[in-house]
Amino acid sequence: MRQRLLSTAADASNRPTDADSNVSQRMELEAEDKHHIAPSAIEKLRRFCYLGRIEAPVYAPTTFDLTVECHFGALRELCGLVGGTELVECLRNVLDACNEPYLPRRDEALLVLAIYLSTRTDENQRTVVRGHFGELVRTDKDLLLVIKFVKHVQKLMERKTPISRTIRKAVLDWYQHQPLDKLLHMWSLNDCDRAQHRELLHRCHYSNVEFDAATMAALRVLSMPAKELAKWPNSLEPLVKHKEKIVGIANLRLSKNPHLALPIINQLSLCYEHMPRHVMTDTKVVNMLLPKMSYEQLLQSWPTFMKLYKSNRSAQHSYIQRFFDPSGLRAANMEPIRLLLQEKRGVKRKKNISKGVVPVKPVSFIQKLYRQSFGCNKALGLRLHITINLEMCYIGKSLTGRWRSIKYLDAVVALAFGYFKCDPKVKVRIWHDKSGQLKSLPWMPEMSVDDAHACCENQKVAKIKQTLTDVLDNALQDAEQAYDVFLVLVPRATRGNSKNKSDQLCQRLDEYRQKRNINAKFIIISLRQNHASMSYSKLRNEHILELCSITEQTPRLINAFAHGKFF
């Protein structure tokens, strides 16, 4: 029964819509609702992996570092209720490379793994999970992050050792089963934290383990300073086939003059990810590396490279043109909201100048790229009903929190118009008066983002009655189209909620699921709010998600929730 209810919305769109089908769907939903099934322990852990929250389906921006103390008690309790095989299957699905377009970050899932291996009292269940450690921890960054969490957990449990015996075994197995090429590639990357690897290997007593000669030599490479590697000690003889590359990279890290790096880069065919920072201050080095750089690397490095090319307009223009390659932009799947945040990241709010001549700031190339990006990212592939609050008192205001340099209307257009341009089955509505009724926003597929922005301003919405249930009432009256996802963009979702509870909204969504689409989901984006706007049921999955403010991960969370990755 639950598997049928959790089928994708795309499958639901292909089902017949006759009376018999509607009756069947209604019977299935009523059977589920009779029991008001609460989220299971594994479903709560899966929700935490995406939202960083356990009880409420709410995502609110937090600090960059995950605060272990805030979640340790609840996660420890949940881990005690979950079997090893069940946890492995959950984390495998979450951490798999195929799930990267949906998962905001890997930190939360790796914290669950660290707590399970550190606190689970059943040794057999720990052993099951430890057996899949290498499968779940795919990179050295993941490994070091798990160890960071493990050390924190050990402190919270007041244990004397920073790493438990189970973790030591898991770590040694991880190193032992890594291919030799992967270990050397891991060392060759500029962001490889060799000091942490050295400390971890010694902490786990790796010298007492019987590694094969080549693997042991590779682990010594991870432990040695660049000066010793450049001298090529006898202990590295099993890696003599890789001597040229190892010594070359060691000399690259030791070189103080960027010009000395050019022959090494050319000889070893090195890429941007291998480069020390001091080498990237030379334009000849950068010109050599640019053709091999991914779109993601270009986007991350543009502030540094723009300064580097400041005195050479021709080279700067050539560099900028790489961003506007349509094929590269589509392949990178750059959502407009991410480019908007990139452009505003370094902007500081300034006082408005009311007197004198205000100089017009030239449009940056990131702003131009933002405008071109609409319609270039991958479609959600579902039928969307988007509702927007366009009250005039809000559209000129800024967001709160980290993104106070972004206007409310800019955030609305980046999200809503982004989906409108790339998904074929999207209807956009707005509240237009105090009646609470909705009307269509006259966006057209051929519009530019500037046209869409102007269209919103021209609506001249003075005062509205913002009630979230009106969105579902409007959709129930639409006899031509059933919707998979309701996306509501408002300044604050606290308006129009009876007692700030989800009860009425959930009842109306249940009605829509019974009558029109059993897989429909409701997503609220409170753009000027940084905390939950209402309390949600702990007795059942309500199929409602609330996102507070905006982050670079907002599209991923919408995508994941809409496709049933978590509830």
- Note on the structure: Separation between CZ (F324) and CG (L329), nearest 0.5 Å, reads 9.0 Å
- So which heavy atom on G381 is nearest to which on D423, and how close? N-OD1, 2.8 Å
- For Q316 and M306, which heavy atoms make the closest approach, and how far apart are they? NE2-O, 3.5 Å
- Message: Minimum heavy-atom separation for I550 and L399, please, with both atom names.
- Response: CD1-CD1, 3.6 Å
- Message: Quick check for you: to the nearest 0.5 Å, what is the distance between Y175 atom OH and L222 atom CG?
- Response: 6.5 Å
- Item | Distance-minimising heavy-atom pair for C192 and M186 | CB-O, 3.1 Å
- Message: Apply salt bridge (charged side-chain N to carboxylate O under 4.0 Å, His left out) to residues R138 and E100 and explain how you reach the verdict.
- Response: CA-CA 13 Å; R138 293 194 287 115; E100 287 183 2; 3.1 Å; yes
- Give a yes or no answer on whether the side chain of R404 reaches the backbone of G401 with a donor-acceptor pair at less than 3.5 Å. yes
- Does the pair S301 and Y272 meet the rule for a side-chain contact (heavy atoms from CB on, under 4.5 Å), with working shown? CA-CA 10 Å; S301 60; Y272 170 78; 3.7 Å; yes
- Message: Within a 6.0 Å radius of atom CD on E296, are there more than 12 heavy atoms belonging to other residues, nucleotides or ligands?
- Response: yes
- Is there side-chain contact between P61 and Q553, with heavy atoms separated by less than 4.5 Å? no
- Item | Heavy-atom check, side chain of L145 versus side chain of V137, under 4.5 Å | no
- Between Y319 and Y309, how do the two ring planes meet: parallel, tilted or perpendicular, split at 30° and 60°? tilted
- Within-4.5 Å side-chain heavy-atom neighbours: L95 and L113: no
- Message: Take a 6.0 Å sphere around NE2 of H278 and say whether it holds more than 12 heavy atoms from other residues, nucleotides or ligands.
- Response: yes
- Item | Residue pairs involving residues 229-238 (criterion side chain to side chain donor-acceptor pair (under 3.5 Å); sequence neighbours excluded) | W232-E237
- Query: Counting only heavy atoms not in Q300, do more than 12 fall under 6.0 Å of its CD?
  - Reply: yes
- Task: For the pair N99 and N93, evaluate side-chain contact (heavy atoms from CB on, under 4.5 Å) and give the outcome as yes or no after the intermediate values.
- Result: CA-CA 7 Å; N99 198 46; N93 293 334; over 6 Å; no
- Query: Between I525 and S549, what is the shortest heavy-atom contact and its length?
  - Reply: CG2-O, 4.0 Å
- Task: May I ask you to check whether F365 and F323 place their ring centers less than 6.0 Å from one another?
- Result: yes
- Message: Is it the case that atom NZ in K155 sees more than 12 heavy atoms from other parts of the structure closer than 6.0 Å?
- Response: no
- List for me each residue that meets salt bridge (Lys or Arg N to Asp or Glu O under 4.0 Å) alongside K421, sequence neighbours excluded, and say none if there are none. none
- Hey, are K151 and E199 close enough for a salt bridge, meaning a charged N less than 4.0 Å from a carboxylate O? yes
- Query: To the nearest 0.5 Å, what is the distance between CG (L111) and OH (Y116)?
  - Reply: 15.0 Å
- What distance separates L75 CG from K44 NZ, expressed to the nearest 0.5 Å? 11.5 Å
- How long is the span from the OG1 atom in T551 to the CZ atom in R556, to the nearest 0.5 Å? 10.5 Å
- Do the side chains of L136 and W174 get nearer than 4.5 Å, heavy atoms only? no
- Short N-O contact, R47 and E55, less than 4.0 angstrom: no
- Taken to the nearest 0.5 Å, the spacing of L409 CG from S398 OG works out to 11.5 Å
- Item | Evaluation steps, side-chain contact (heavy atoms from CB on, under 4.5 Å), between E273 and S188 | CA-CA 9 Å; E273 57 191 4; S188 71; over 6 Å; no
- Message: Assess whether a salt bridge exists between E552 and R402, defined as any Lys/Arg side-chain N lying under 4.0 Å from an Asp/Glu carboxylate O.
- Response: no
- Give a yes or no answer on whether the side chain of Q367 reaches the backbone of S364 with a donor-acceptor pair at less than 3.5 Å. yes
- Quick one: do R130 and D173 make a salt bridge, cutoff under 4.0 Å? yes
- Query: So do the side chains of M224 and L236 get within less than 4.5 Å of each other, counting heavy atoms only?
  - Reply: yes
- Task: Would you please say whether a donor-acceptor pair under 3.5 Å links the side chains of N333 and Y295?
- Result: no
- Query: Can you find a pair of side-chain heavy atoms, one from W187 and one from H197, that are under 4.5 Å apart?
  - Reply: no
- Would you check if I163 and R168 make a side-chain contact, meaning some heavy-atom pair closer than 4.5 Å? yes
- Query: L260 and S255: which non-hydrogen atoms are nearest, and at how many Å?
  - Reply: CB-CB, 4.4 Å
- Task: Mind telling me whether F374 and F417 have parallel, tilted or perpendicular rings, with 30° and 60° as the class edges?
- Result: tilted
- Query: After noting the C-alpha distance and the side-chain angles of D140 and L189, does the key distance pass the side-chain contact (heavy atoms from CB on, under 4.5 Å) rule?
  - Reply: CA-CA 11 Å; D140 63 315; L189 300 180; 5.6 Å; no
- Message: Please check if the number of heavy atoms outside K284 that lie under 6.0 Å from its NZ is greater than 12.
- Response: no
- Query: Just wondering, do T215 and Q178 contact through their side chains at under 4.5 Å, heavy atoms?
  - Reply: no
- Check: R126 main-chain N/O paired with R120 side-chain donor or acceptor under 3.5 Å: no
- So, the side chain of S318 versus the backbone of S314: is there a donor-acceptor pair under 3.5 Å, distance only? no
- Message: Looking at E135 and H132, would you say the former's side chain and the latter's main chain have a donor-acceptor pair under 3.5 Å?
- Response: no
- Task: Could you tell me how the ring of H563 sits relative to the ring of Y102: parallel (under 30°), tilted (30 to 60°) or perpendicular (over 60°)?
- Result: perpendicular
- Task: Report the C-alpha distance between R92 and E89 in whole Å, list the side-chain angles of each, state the deciding distance to 0.1 Å, and finish with yes or no for salt bridge (charged side-chain N to carboxylate O under 4.0 Å, His left out).
- Result: CA-CA 5 Å; R92 182 190 287 125; E89 186 62 29; 2.7 Å; yes
